[in-house]
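These notes concern the structure reproduced below.
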Amino acid sequence: MCLVVDTNCMARVFKKKTKDHNEFKDVRDWIVDGKGKLIIGGSDYLKEISSYLNIISELAKINKVVSICNATVDEESEKLKYAFSGRDFDDPHIIALLSVSKCKVVCSKDKRAYPYFKKRELYLNGKAPSIYSSSRNKDLLCDQ
């Protein structure tokens with residue numbers, strides 16, 4: 001199974017010295033040592049995670065990264081930007097990546113985005129992902 005890690009959680013997941021790494025350690029372990037894989041894609045997302053390219057490169061070497069076509073994610077993101085214009089939401093590229101990849105889990109601490117992540121009508125398959133926001137969501141890290 002795969003998941004998208006929102007930029008606001010990259011350090012929490014992959015850098016052990018962050019304040020609340022323990023809440024996200026399970027995500028890291030699931031990706032690095034388990035059957036989990038990180039989904040990446042889209043120009044905006046790749047810009048946001050550019051400081052983590054070394055980590056992502058290492059994960060790719062051990063087949064732990066799924067790359068989604070940037071153009072496809074960007075196209076979907078543009079559609080969503082129009083739908084969100086004037087709203088307090090700046091992550092249509094995350095929803096686009098989730099939608100295009102049909103990903104079932106997003107790792108995020110952006111509470112402002114949660115209502116948008118849950119809107120089924122924003123996803124191409126009509127299914128909203130579950131949100132991993134702390135270790136209490138460990139059960140979302142399954143192998144199916």
Side-chain angles (χ1 to χ4, degrees), residues 1-77 79-81 83-84 87-144:
M1 185 156 152
C2 303
L3 84 159
V4 171
V5 176
D6 193 347
T7 311
N8 63 45
C9 283
M10 279 290 186
R12 291 174 169 109
V13 170
F14 294 110
K15 294 189 177 182
K16 295 178 181 179
K17 294 184 180 182
T18 56
K19 181 179 77 170
D20 55 353
H21 172 71
N22 284 340
E23 291 296 318
F24 294 87
K25 178 185 174 304
D26 293 326
V27 175
R28 183 206 168 279
D29 293 348
W30 181 66
I31 293 171
V32 174
D33 300 322
K35 293 185 179 180
K37 293 187 180 194
L38 176 67
I39 296 176
I40 63 170
S43 300
D44 290 339
Y45 184 75
L46 293 179
K47 283 179 205 167
E48 286 187 357
I49 64 168
S50 63
S51 61
Y52 297 95
L53 292 182
N54 287 341
I55 293 169
I56 292 168
S57 176
E58 291 301 312
L59 291 172
K61 288 177 186 176
I62 59 171
N63 197 29
K64 293 295 186 165
V65 176
V66 175
S67 294
I68 304 299
C69 174
N70 289 342
T72 305
V73 175
D74 291 349
E75 183 180 320
E76 185 64 18
S77 181
K79 292 176 191 174
L80 292 168
K81 281 180 188 174
F84 290 123
R87 296 189 187 172
D88 184 28
F89 181 66
D90 59 1
D91 284 335
H93 58 286
I94 301 291
I95 290 179
L97 179 56
L98 290 162
S99 183
V100 170
S101 67
K102 298 181 178 119
C103 181
K104 296 178 183 178
V105 180
V106 60
C107 178
S108 179
K109 286 292 283 185
D110 186 356
K111 291 181 183 177
R112 187 175 49 112
Y114 293 172
Y116 298 100
F117 289 154
K118 290 305 210 173
K119 290 183 182 253
R120 290 181 297 181
E121 64 271 16
L122 298 177
Y123 298 92
L124 296 171
N125 66 359
K127 296 179 181 179
S130 299
I131 301 169
Y132 183 104
S133 60
S134 72
S135 59
R136 66 183 152 85
N137 304 121
K138 183 180 179 176
D139 63 312
L140 296 175
L141 306 175
C142 61
D143 295 336
Q144 301 170 4

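Residue numbers start at 1 and run along the sequence shown.
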Heavy-atom closest pair, residues [X] and [Y]:
X: S135; Y: N22; result: CB-O, 4.3 Å
X: I49; Y: T7; result: CG2-OG1, 4.0 Å
X: S77; Y: P92; result: OG-C, 3.9 Å
X: N70; Y: G42; result: OD1-N, 2.8 Å
X: S133; Y: N137; result: N-OD1, 2.8 Å
X: R12; Y: T18; result: CA-OG1, 3.6 Å

Just how far is it from atom [atom1] of [X] to atom [atom2] of [Y], taken to the nearest 0.5 Å?
X: I40; Y: I68; atom1: CD1; atom2: CD1; answer: 9.0 Å
X: C103; Y: L98; atom1: SG; atom2: CG; answer: 5.5 Å
X: I55; Y: S57; atom1: CD1; atom2: OG; answer: 10.5 Å
X: E76; Y: L122; atom1: CD; atom2: CG; answer: 9.0 Å

N/O donor-acceptor pair under 3.5 Å between [X] side chain and [Y] backbone:
X: Y123; Y: I95; value: no
X: R28; Y: F24; value: no
X: S101; Y: L97; value: yes
X: S99; Y: L124; value: yes

Are there over 12 heavy-atom neighbours, none belonging to N54, within less than 6.0 Å of that residue's CG? no

For the NZ atom on K109, are there more than 12 heavy atoms of other groups (residues, nucleotides or ligands in this structure) within a distance under 6.0 Å? yes

Decide, yes or no, whether a salt bridge links D90 with R112 under the criterion of side-chain N to carboxylate O below 4.0 Å. yes

Residue pair F14, I31: steps toward the side chain to side chain contact (heavy atoms under 4.5 Å, CB included) verdict: CA-CA 10 Å; F14 294 110; I31 293 171; 4.1 Å; yes

If the test is side chain to side chain contact (heavy atoms under 4.5 Å, CB included), which one of C107, C9, S108 qualifies with Y132? C107

Would F117 and D6 count as a side chain to side chain contact (heavy atoms under 4.5 Å, CB included) here? Give the steps. CA-CA 11 Å; F117 289 154; D6 193 347; 4.2 Å; yes

Pair listing, salt bridge (Lys or Arg N to Asp or Glu O under 4.0 Å) test, anchored in [range], at least two apart:
range: residues 115-134; answer: none
range: residues 35-48; answer: D44-K81
range: residues 54-74; answer: E58-K61

Assess whether side chain to side chain contact (heavy atoms under 4.5 Å, CB included) is satisfied between W30 and K138, documenting all intermediate values. CA-CA 10 Å; W30 181 66; K138 183 180 179 176; over 6 Å; no

If we only count heavy atoms from C-beta on, is the Y116 to D91 side-chain gap below 4.5 Å? no

